[in-house]
A.B. asks: 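Mind looking over this structure? Questions follow.
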Amino acid sequence: MKYFHNEIEAKWQKYWAEHKTFAAKNNSDKPKYYVLDMFPYPSGAGLHVGHPLGYIASDIVARYKRHQGFNVLHPQGYDSFGLPAEQYAIQTGQHPEKTTRENITRYREQLDKIGFSFDWDREVRTSNPDYYKHTQWIFIQLFNSWYNKNTDKAENITTLVSIFEKEGNNTVNAVCDDDIQNFSASEWNSFSSEQQQRILLQYRLTYLAETEVNWCPALGTVLANDEIVNGVSERGGHPVIRKKMTQWSMRISAYAERLLQGLETIDWSESIKESQRNWIGKSVGALVKFKVKSQKSKDSKLSDIGLSTFDYIEVFTTRPDTIFGVTFMTLAPEHELVSQITTLEQKAAVEAYVEATAKRSERERMADVKTISGVFTGAYAEHPFTKEAIPVWIGDYVLAGYGTGAVMAVPCGDERDYAFANFFKGTHGMPEIKNIISPLTPEGGIDTSDNCIKEEAFSKKDGFVFKNSDFLNGLDYKAATKKVIEELEKIGAGKAKVNYRLRDAVFSRQRYWGEPFPVYYVNGLPQMIDAKYLPIVLPEVEKYLPTEDGQPPLGNATTWAWDSINNKVVSNKLCHAELDSASHNGVFPLELNTMPGWAGSSWYWMRYMDAHNENEFASADALKYWENVDLYIGGSEHATGHLLYSRFWNKFLKDRGFAPTEEPFKKLINQGMILGMSAFVYRVVIATIENKDFLKSSKIYVSKSIRDKIVHDKTYEKNFLVGLATDNITKEFDENTLNKIAGVIFNDLHVNVKFVNLSDELNIYELKSDNEFGKEFKDAVFIGENKQIIINGNDVYKVGREVEKMSKSKYNVVNPDDICEEYGADTLRLYEMFLGPLEQAKPWNTAGITGVYGFLKKLWRLYFDDNGLHVTNDEPTAEMYKSLHKTIKKVTEDIENFSFNTSVSQFMICVNELAQQKCHHRAILEPLAVLISPYAPHIAEELWSALGHESSVSTISFPKFEEKYVVESEKEYPVSFNGKMRFTIKLPLDLTPAQIEEIVMADERTQQQLQGRTPNKVIIVPGKIINLVG
RNA sequence: GCUCGAGUGGUGGAAUUGGUAGACACGCUGGACUUAAAAUCCAGUGAGCAGUAAUGUUCGUGCGGGUUCAAGUCCCGCCUUGAGUACCA
């Protein structure tokens, strides 16, 4: 009986689906295990072989854990809101819902063919109203919450209101907007409802605010920071500009510290944790206030006006200890004080500079780091301790968006400040650099020379003490920092401060294909729709583009107003926003923005726990049982997006009692990308003598090896051209033109890998007759390895190969369906694992797949011969048991360590050994079938059932390793002389080192190596090695 | 610039607490079976040198040092490369 993978795989996939073999139970005596994949966005291109890599790994773990007696939750779904479906809708007018549904169908077909053990009954789709109903609900909870710094958690907004009613806001310690006005309880109670709502918006965890956003004109929407790569949009690469807009924001900054600390508790790769740490960007330092010097004492032309409300400049610094080194100050050009403190003399220069900076895009400013620019404002600030006058400059190296948008410049301790000071040295308003650093000499003494700032700033934190620093003299970095903050607090000029780079996340998108907000507006103030009327379903629109007056696409909807009396979505015609409350019919406009792509993916793992619950996103019981994800597998590109937002929402839901744990994903593995092996053909391009610049392409294509020879060998090139002419290959190369040819270069052109066989040979016939690609090559002449024109297979054309990212445009996409068809899903699964370590990027090479395919056939032949099942009940030999148990040990360890590639090797070794031993013994082959079932489930089921079992192999316990089968009595010792291995000797393991030495010294090969010498030293490590020295 | 990874045959990659470098595959070479091809099976395969051969011997895990009886593995200094991040005060 031969191994027919197609029949077997179809049969078992059907069996699993019909028997719901992999359905997880929400109550079980077994321990739980939750394995999750990052759910895919169902794009129109379908899956290529790179996509299933992580799914295969997680499936192996899921199946293995079931064998180990766990109740395993292994779900799958679709992140089905998103830009590509909408862009497609704009182009074709097709509803995104329709294309999304079609793409999902295609994805599902492809996934099913690979034999995953997903519990499909729990499937989720983020674009499904049954799902986004709960996304909307979570949004409402965020709106109804504030962050109490005293309890260090989110609380219901009602607790804040009751504090306001009793005490006003002076005692409140909350994460909120910066520009909060203080009020007393009686003031609060006297505010109008609208005033109160406006104040509460400044505290809510999701809030509406006029913010400067990243606006992408080409996409017609705003983007979050993590959706911008190198200053352009992640999708499509369009330019992004800064723009002020009223937007929903998420107060993720409230969780900055917990997001940072939580990283210590989870088992994620160091690189992802590091990315999140950088993104959060915690800096510990101090806020320091510098009085703006009274202009009368310094500069009579500066007027008094405005200085009463802005009588100091506040800076954030991580090095308050260097305060006596402050030589000047720099404000961002956008800083609000700039216009008020600038003197008349400097006014023109400052305004010109501010204007020039504003014109430059963020991207230009970022790209141009080396150019130093800035202007003196003419104003001076006062040093809090020395009372010296410090000139105030503006410069674009200071960013308005970080810290306070102002820095105290200490050139002797900071490279940028030093560069700035050095650049403007000697100009008006730039004093001599103050030096406060005394480096310690290697002997521990103090270097009192001034050298350390002559060449560059002394940016280290250790290895010096302070001088010229009043009460900080002689102190080191640590002591000085502590001391200076105490002193600053004493005189009210500053305080310790922790600053984070993490910004609040903009949550509005001007798109159609996203979750609608459960929000309507009364007098411009947002109102939440009561949760019991959810979902607010996405309305139908004529066009998916923004409206002509610049509203988001939902502005095209005609039924998009909220009837707050009957609680339903009604026609816009009923909405009369201009009417006063007395005559108002209770119909108000609904929010026109939709939520961003990350909304639906920030909580989906909890939905799988209880996917059909209509009342809650998941029941308390289900949440309590499944807790969080034990193993999460997905790409590292989500490091600062999805993975950060998910942790944020999870922490929020935990605070409010809706999520069971502080962290959503205990262990995270990032699978590496599978790269494509692009295929190239080389088109000959000739340059003529008359005009060397004029390159004329030809219809001639040469093999990779010929191309290389021509490039490296001038004589060969000449011969080649003569050959072309004499063989009369094309009209282009007659004797006449040949003389005019100056040389040859090549166009390296991608050719679709489907025309290339396992030996890199191009199938020219198929290529030329292909509907899509044939046209371009219709008249092409291919010259093969032996320099012959390929007509009827008398030569072969070998393509060039290069490793690139797998993509449609490079024609190097390998489709998993094709692999499953030709070699089977089990082969695909094994091969993807065999390619290399899961976390590493590696190229796909279909040629190598024959190795694992051959292995499965060999495995099959242990069970079957030409006449059918061929299994005996005889007692296996010790060797057979040893092969089996070595494998059990290795595979068990490998799965626990996520080292899947080495398991596949071990299976091959095992099957090779068993074949050698002619093993057809049930006592070996039964456990072997179970052992391999996580990796190659279809063949395992088939073998298991052929052995006479009724139930699915997935229900069987994993074989247990038993030491007794692998204990060795002998060891093949390597014998080294001065560390070089010379021969091996087989010795019993129970010998003492002395006995070993005796035997080894007596061996004639030892005597031959020593040639009469006596070793100085004999090293014997029992069970390991013998080394003779001297 | 900073942070985190990675450099091993023609290729993908193995190698436990330092202990026989190159497992397992691909590819290649030769052979068996076949009219032939495919499939399958067997043998060989890091490089150099010596030898008809068995075999012997030198070199060899990015580069240069070091520790050690012993280093792909540990330490110091570099180089290359991938990813992330970037005037963050």
A.B. asks: Considering just the side-chain nitrogens and oxygens of A:Lys857, establish if one lies under 4.0 Å of OP1 or OP2 belonging to B:A39.
C.D. replies: no
A.B. asks: From C-beta outward on A:Ser271, which listed nucleotide comes closest to its side chain: B:U40, B:C4, B:A25?
C.D. replies: B:C4
A.B. asks: I want to check one thing: is the phosphate of B:A86, taken as OP1 and OP2, less than 4.0 Å away from some side-chain N or O of A:Arg501?
C.D. replies: yes
A.B. asks: Among the candidates B:U20, B:G13, B:U17, find the nucleotide nearest to the side-chain atoms of A:Asn901.
C.D. replies: B:G13
A.B. asks: Reading 5' to 3' and counting Watson-Crick or G-U wobble pairs with both distances under 3.5 Å, write the dot-bracket notation for RNA chain B, | for bases paired outside the strand.
C.D. replies: (((((((..(((......[....)))((((((.......))))))(((((....)))))..(((((..]....))))))))))))....
A.B. asks: Honestly, is A:Lys289 close enough over A:Tyr312, meaning NZ or CZ under 6.0 Å from the six-membered ring centre and within 45° of the axis?
C.D. replies: yes
A.B. asks: B:C69 phosphate, OP1 or OP2: any side-chain N/O from A:Lys1017 under 4.0 angstrom?
C.D. replies: yes
A.B. asks: With a 4.5 Å heavy-atom cut-off, do A:Tyr973 and A:Ile996 have their side chains touching?
C.D. replies: yes
A.B. asks: To the nearest Å, give me how far apart CZ (A:Phe977) and P (B:U20) are.
C.D. replies: 16 Å
A.B. asks: Taking everything shown except A:Glu1004 itself, do over 12 heavy atoms lie less than 6.0 Å from its CD?
C.D. replies: no
A.B. asks: Starting at atom OH of A:Tyr418, determine the distance to atom P of B:C87, rounded to an integer number of angstrom.
C.D. replies: 23 Å
A.B. asks: According to a strict under-4.0 Å criterion, is A:Arg416 in side-chain N/O contact with OP1 or OP2 of B:C88?
C.D. replies: yes
A.B. asks: To the nearest Å, give me how far apart CD1 (A:Ile849) and C1' (B:C24) are.
C.D. replies: 16 Å
A.B. asks: Give a yes or no on whether A:Phe983 atom CZ has more than 12 heavy-atom contacts from other residues, nucleotides or ligands under 6.0 Å away.
C.D. replies: yes
A.B. asks: Rounded to the nearest angstrom, tell me the gap between atom OH in A:Tyr402 and atom P in B:U85.
C.D. replies: 17 Å
A.B. asks: May I ask you to verify if any side-chain N or O of A:Arg801 is less than 4.0 angstrom from the OP1 or OP2 atom of B:G27?
C.D. replies: no
A.B. asks: Counting only side-chain nitrogens and oxygens, does A:Lys980 get under 4.0 Å of the OP1 or OP2 atom of B:C59?
C.D. replies: yes
A.B. asks: Under the side-chain contact (heavy atoms from CB on, under 4.5 Å) rule, what do A:Ile280 and A:Glu257 come out as? Steps first, then yes or no, please.
C.D. replies: CA-CA 8 Å; A:Ile280 295 165; A:Glu257 187 60 30; over 6 Å; no
A.B. asks: What nucleotide, of B:G13, B:C88, B:C4, holds the atom closest to the side chain of A:Glu274?
C.D. replies: B:C4
A.B. asks: Less than 4.0 angstrom between a side-chain N/O of A:Gln906 and OP1 or OP2 of B:A23, yes or no?
C.D. replies: no
A.B. asks: From C-beta outward on A:Phe834, which listed nucleotide comes closest to its side chain: B:G19, B:G12, B:U20?
C.D. replies: B:G12
A.B. asks: Would one find a side-chain N or O of A:Arg861 under 4.0 angstrom from OP1 or OP2 of B:C41?
C.D. replies: yes
A.B. asks: Strictly by modelled atom types, are A:Ser253 and A:Asp504 linked by a side-chain donor-acceptor pair under 3.5 Å?
C.D. replies: yes
A.B. asks: In whole Å, what is the span from the CD atom of A:Gln840 to the P atom of B:A83?
C.D. replies: 14 Å
A.B. asks: Where the side chain of A:Val407 is concerned, which of B:G19, B:A89, B:G13 is the nearest nucleotide?
C.D. replies: B:A89
A.B. asks: Among B:A23, B:U57, B:U20, which nucleotide has an atom closest to any side-chain atom of A:Thr984?
C.D. replies: B:U20
A.B. asks: Nearest whole Å is fine: how far is B:C26 P from A:Tyr823 OH?
C.D. replies: 12 Å
A.B. asks: To the nearest Å, give me how far apart CH2 (A:Trp844) and P (B:G12) are.
C.D. replies: 16 Å
A.B. asks: Does B:C88 have OP1 or OP2 under 4.0 Å away from a side-chain N or O of A:Asn499?
C.D. replies: no
A.B. asks: Using only atom types and a distance under 3.5 Å, with no angle test, would you say the side chain of A:Asp396 pairs donor to acceptor with the backbone of A:Thr357?
C.D. replies: no
A.B. asks: More than 12 heavy atoms of other residues, nucleotides or ligands under 6.0 Å from CD of A:Gln916: yes or no?
C.D. replies: no
A.B. asks: At under 4.0 Å, does any side-chain N or O of A:Ser275 touch on OP1 or OP2 of B:U3?
C.D. replies: no
A.B. asks: Whole Å only: how far is the CD1 atom of A:Ile1019 from the P atom of B:U68?
C.D. replies: 12 Å
